[in-house]
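Just below is one structure, and these are the notes that go with it.
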Amino acid sequence: MGRLIIVSNRVTPPVGSGEESMGGLALALAAALREYSGVWFGWSGRTAPAFTGQLAMQRIQGVTIATVDLEEADRDEYYNGYANKTLWPLFHYRPDLAAYDRSFGEGYERVNRRFAETLRPLIEPDDLVWVHDYHLIPLARELRRLGVKNPLGFFLHIPWPAYQLMVTLPRHRELVQALFDYDLVGFQTEGYLQAFEEYVKNEIDGVRLDEAHIKAFGRILKVGAFPIGIDAADMARITASSRALRTYDVMAAHTVFRKLIVGVDRLDYSKGLEERFLGFERFLVDNPALRREVLFLQIAPPSREAVQAYQEIRGRLDSLSGRINGAFADIDWNPVRYVNKSYRRDELAGVYRAARVGLVTPLRDGMNLVAKEYVAAQDPDDPGVLVLSRFAGAADQLKEALIVNPNSPEEISEALRRALAMDREERIKRWRVLFDNVRSQTVASWRDRFVGALADLSPPRAVLAS
Ligand code: GDG
């Protein structure tokens, strides 16, 4: 097999950062690049007065990283525009938040073209190219225009929306057609793959040829569900690190005679934070006797702050947490601790382990890695309980969690009551099944399955005569 070229909007880790601040996904992709050798290409995160296409090449911990600067208009129209104001809300079932501005679509096409032109000289004949996420759907089309014949794979980290939602997107057909310039397209779950297939059947008259192939637009595309996982062994290892232990002790000291409920999410409307706060408030109202026995810690580092919907949700959460604390706090206790900053991975591990309940209630989520990290960080002899939204991709696999509809404050309240009352025996029983899943379906196996499927394009990519 040739080299592996990974393309994503941003190249994580942010240059110069230590491993403790990298996400599990970044670690896994970096490890793949060390193994297969290759290049990780993406936007530097910086803007320049004019686009030059100048590549900055660096070697960080055995991985070659190639980045390019964009123009301010690129950032506004492509990243903050089409990617995060149009596709993200729509794919997370929020058409009410989706903005359809022609300049966004133009910026999106332009940046994909620029990415392709800048990346083209780096691609050698035997390389496999693996493109990540909704920012870069048209990249394969642009690379093909430049004569690239290599196997091109695409993985969508977020949901694929239901057919009726997809057709609300202006020029949806062009976007879907662009996916057919890849050889392999991967989704997080069978459900998202089915939604994609439904679109192709209804809208293009496409057909599923077999388990793994869809024919449409005169092309045959290999497809599959590739549920992403985490490095469970690494999570267990960092849970025993000195910083994780110190964080655990701090949390334990703050919750003496109390049980900790924890949520960890980017500050994003798709994560269901408002609904979660309302569910917790409902729990306090419904269970006066249990009130002083709990502390709800929500860690929510801000993200995409240039986008208005993200500024608005921040304001609403500030007032909601204030309202709950105002109504229920005592001189020595606040029910909600809401923090808007990010923590190191080893600190998060300590927090997860100290929490009796992991509260993961997105309204929509491609997978949700926090749910898996929470499971991996638990003490096998005294594990906590995962409360999980049915609308997270992870709910397909983590069936022993307490599954809830995140839109229902009553269901959240009831699940919290059950989780807090659950005896050790049942907690252990459920956790073992969850942990087996998290331990066996890791981020490395996800990566190897995807790269394996891309390397093995049999029957080979066929461009049918129209
Ligand atoms: C997208 C899809 C899919 C969070 N706060 C801190 C921190 N995090 C880390 C978590 C976790 C990661 O960020 C978040 O991953 P999620 O999967 O929960 O969500 P998205 O960011 O929306 O990711 C999602 C994922 O892609 C992978 O395919 O699962 O559905 O939306 O690893 O731990 N990490 C650190 N400090 C924090 O404060 N260090």
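Every number for a ligand or one of its atoms is a count from 1 in the order of the listing. As the structure is a computational prediction, the values presented were derived from the model and not from experiment.
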Below 4.0 angstrom from a heavy atom of [X], which ligand 1 atoms are there? Numbered from 1 as shown, please.
X    : value
Q188 : 3 (C), 28 (O)
E373 : 10 (C), 11 (C), 32 (O), 33 (O)
V264 : 4 (C), 5 (N)
R266 : 20 (P), 21 (O), 22 (O)
W88  : 31 (O)
Y352 : 33 (O)
V370 : 10 (C), 18 (O)
G366 : 30 (O)

Test your reading of the structure: does [X] have an N or O sitting under 3.5 Å from an N or O of ligand 1?
X    : answer
H92  : no
R344 : no
L369 : yes
P301 : no
I158 : no
D265 : no

Check [Y] with [X], please: is the shortest side-chain N to carboxylate O separation under 4.0 Å?
X    : Y    : value
D268 : R304 : yes
R345 : D234 : yes
R447 : E35  : yes
K85  : E77  : no
R208 : E197 : yes
E414 : R417 : yes
R246 : E347 : no
R427 : D382 : yes

**Q.** Closest non-hydrogen atom pair between S440 and S445, with its separation
**A.** O-OG, 3.8 Å
Q. To which of I228, V443, L267, L348 does the heavy atom nearest atom 8 (N) of ligand 1 belong?
A. L348
Q: From the options Y374, Y343, Y134, F155, select the one whose nearest heavy atom is closest to atom 39 (N) of ligand 1.
A: Y343
Q: Check each heavy atom of S342 against ligand 1 and say whether those closer than 4.0 Å belong to the side chain, the backbone, both or neither.
A: both
Q) Under 4.0 Å from ligand 1, counting heavy atoms only, is it the side chain of F226, its backbone, both or neither? A) neither
**Q.** Flag for Y82-H135: side-chain donor and acceptor within less than 3.5 Å
**A.** no
Q: Ignoring hydrogens and angles, state whether a donor on the side chain of T361 or R276 is under 3.5 Å from an acceptor on the partner side chain.
A: yes
Q | Charged tip of R114 within 45° of W43 ring normal and under 6.0 Å | A | no
Q: Please state whether E347 comes within less than 4.0 angstrom of ligand 1, counting heavy atoms only.
A: no
